Amino acid sequence: MVHRPIYLDCHATTPVDPRVLEAMLPLFTEQFGNPASLTHAYGWEAEAAVTRSRQTIAEALNASPEEIVFTSGATEANNLAIKGIAEACFSRGRHIITVQTEHSAVLDPCQYLASLGFEITYLPVQPDGLVNLDALDKAFRDDTVLVSVMAANNEIGVLQPLAEIGARCRDRQVFFHSDAAQAIGKIPLDVQGMQLDLVSLTAHKVYGPKGIGALYVRRRPRVPLAAQLHGGGHERGLRSGTLYPPQIVGFAKAVELGLAELEAERDRLIALRQHLWQGLQPLPGLHLNGHATQRLPNNLNVSFERVDGQALLLGLRGTVALSSGAACSTASTAPSHVLKSLGRTDALAYASLRFGLGRFTTAAEIDQVVAGVTTTVQALRQAAE
Ligand SMILES: *Cc1c(COP(=O)(O)O)cnc(C)c1O
């Protein structure tokens, strides 16, 4: 097999866990029925598998199964949540609050709504990446219909204070949405305790397959939502289209495994991340991006002084697979909007590495990455002198 670099890009995607694949396989070839076919056993079998999966995903959020709407992933779930609320609450208000450091799958639907006449407030973050709750308090208006704040940031891993935000939204009767694509199966989520009304999920960041996710939609008190895909009326009319049982079963298995192993995996990943951070310390001019402890266990984001970001990634290409920011924005040449929101200079925002450790990362791999990063940074600095 060709030599491949060590994979530390788990915020972009993760491999499917073999246990997940095993759970999915029978749904392709044997239990292949359409879960909407109500007249025969093929349909019932597929329907039963979907029902069990819906139950598992609901339990993971402390929700009930009727509140889970399957989608193609978190991008679609965010679009359904944000545009769906905007459309359903059109006559009540046209103001939405979100945060500068959100994923483009939240920022872009907001920008689209702005082009239709909605007003969007983009809250700044503190230098540690956390939302300023006082700024949120001041941003609410009489016509605010939605607050959208992600659970865990995909670049710097920072965990936003969802319960505090949820309490503020409930007080003002404003709907609260969270993009939890990076959080599900990694940190505890509780739609009751956090007073969440809408939550976007995806499977492929948590060792499940790509192309499947869900939106949690609160039933009590009911959250009004306008469907964005119309057709056969699947998912209680909120998302038409034939369900995809293999992906749904894989999604549920991935979430189940994530929760079962959450604490052990958290401790293991924090230790590995600490090993990585300690290993890099002999290099001068390092900056940790994002809060030191209120972040995903598997995330480390570091900026390097006096290094060209492009050259750094190029130099590391054979050693380690990672990126300096979101996978979807690496095509653009602008510095990360997340790091800029923390107040980083363009140079430091460019010269950053996002380390996304995962379930299959080992201490030996971290040692190799430390050695590779150290020699690359030193060589680039020497060449620039
Ligand atoms: C990956 C990601 C998305 C997009 O999810 P897809 O399922 O790939 O559409 C949205 N938000 C965040 C925070 C993500 O990390």
Side-chain angles (χ1 to χ4, degrees), residues 2-12 100-101 125-130 153-158 269-358 361-385:
V2 283
H3 168 77
R4 295 208 300 170
I6 293 162
Y7 189 78
L8 287 191
D9 206 11
C10 286
H11 300 298
Q100 287 176 359
T101 52
V125 294
Q126 301 164 2
D128 61 10
L130 289 169
N153 188 275
N154 52 298
E155 293 191 32
I156 55 176
V158 163
L269 286 166
I270 287 177
L272 276 183
R273 175 180 68 196
Q274 187 62 12
H275 187 55
L276 172 58
W277 180 233
Q278 285 307 322
L280 296 175
Q281 289 312 304
L283 281 173
L286 295 188
H287 299 267
L288 176 68
N289 294 315
H291 195 282
T293 53
Q294 199 168 325
R295 69 194 298 144
L296 287 171
N298 66 325
N299 174 278
L300 186 71
N301 191 311
V302 185
S303 286
F304 299 82
E305 284 176 19
R306 296 180 288 113
V307 164
D308 176 67
Q310 205 74 33
L312 180 59
L313 279 176
L314 214 62
L316 287 171
R317 212 163 47 172
T319 312
V320 53
L322 41 61
S323 68
S324 65
C328 18
S329 61
T330 41
S332 88
T333 51
S336 149
H337 72 284
V338 174
L339 299 184
K340 289 295 288 177
S341 298
L342 305 183
R344 291 288 183 228
T345 59
D346 279 5
L348 280 178
Y350 276 120
S352 66
L353 293 178
R354 172 182 74 167
F355 299 94
L357 285 60
T361 307
T362 65
E365 287 179 325
I366 296 295
D367 288 335
Q368 279 175 265
V369 170
V370 166
V373 172
T374 304
T375 35
T376 307
V377 169
Q378 282 169 342
L380 289 172
R381 282 177 179 170
Q382 258 159 26
E385 264 167 19

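Nothing here was measured: the structure is a model prediction, and the numbers come from that model.
- For the salt bridge (charged side-chain N to carboxylate O under 4.0 Å, His left out) test, residues two or more places apart in sequence or in another chain that qualify with Asp346 are Lys340.
- Counting only residues at least two apart or in different chains, side chain to side chain donor-acceptor pair (under 3.5 Å) contacts with residues 276-287 comprise His287-Glu305.
- Here side chain to side chain donor-acceptor pair (under 3.5 Å) pairs that include residues 369-379, with residues two or more places apart or in two chains, number zero.
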What do the steps show when you test Leu357 against Ile366 for side chain to side chain contact (heavy atoms under 4.5 Å, CB included), and what is the final call? CA-CA 9 Å; Leu357 285 60; Ile366 296 295; 4.0 Å; yes

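- Between Thr361 and Leu8 there is a side-chain heavy-atom pair separated by less than 4.5 Å.
- The two residues Thr101 and Ser341 come nearest to each other via the heavy atoms CG2-CB, 3.6 Å.
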Report all side-chain donor-acceptor pairs from residues 290-297 shorter than 3.5 Å, counting only partners two or more places apart or in another chain.
unit_1, atom_1, unit_2, atom_2, d
His291, ND1, Thr293, N, 3.1
His291, ND1, Gln294, N, 2.9
Gln294, NE2, Leu159, O, 2.8
Arg295, NE, Asn299, O, 3.3
Arg295, NE, Asn299, OD1, 3.4
Arg295, NH1, Asn289, O, 3.2
Arg295, NH1, Gly290, O, 3.3
Arg295, NH1, His291, O, 2.9
Arg295, NH2, Ile156, O, 3.0
Arg295, NH2, Asn289, O, 3.0
Arg295, NH2, Asn299, OD1, 2.6

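- At a threshold of 4.5 Å between non-hydrogen side-chain atoms, the residues Leu286 and Phe304 count as touching.
- Counting heavy atoms from C-beta outward, Val377 and Arg381 have side chains that approach closer than 4.5 Å.
- For the atom pair CG of Leu316 and CD1 of Ile6, the computed distance is 10.5 Å after rounding to the nearest 0.5 Å.
- Atoms CG and CG, from Leu342 and Leu130 in turn, are 10.0 Å apart once rounded to the nearest 0.5 Å.
- Between Pro284 and Arg306 the shortest heavy-atom distance is CG-NH2, 4.4 Å.
- Residues passing the side-chain hydrogen bond (donor to acceptor under 3.5 Å, both in side chains) test with Asn298: none are found, sequence neighbours excluded.
- Here the side chains of Leu348 and Leu339 are not in contact, with every heavy-atom distance at 4.5 Å or above.
- Residues Pro5 and Gly318 share a closest heavy-atom pair of CB-O, 3.6 Å.
- With contacts defined as side-chain heavy-atom distances shorter than 4.5 Å, the pair Leu380/Leu312 qualifies.
- Contact between Arg354 and Leu322 at its shortest, heavy atoms only, is O-CB, 3.6 Å.
- Counted within 6.0 Å of CD on Gln126, heavy atoms from surrounding residues, nucleotides or ligands total more than 12; the atom is thus considered enclosed.
- Counting heavy atoms from C-beta outward, Leu300 and Leu288 have side chains that approach closer than 4.5 Å.
- We find the SG-CZ distance between Cys10 and Phe355 to be 13.0 Å, quoted to the nearest 0.5 Å.
- Using a distance-only test at 3.5 Å, with no hydrogens or angles considered, a donor-acceptor pair links the side chain of Ser352 to the main chain of Ser324.
- Nearest heavy atom pair, residue Val158 against residue Asp128, reads CG2-O, 3.5 Å.
- Shown here are the side-chain hydrogen bond (donor to acceptor under 3.5 Å, both in side chains) partners of Asp367, two or more places apart in sequence or in another chain: His275.
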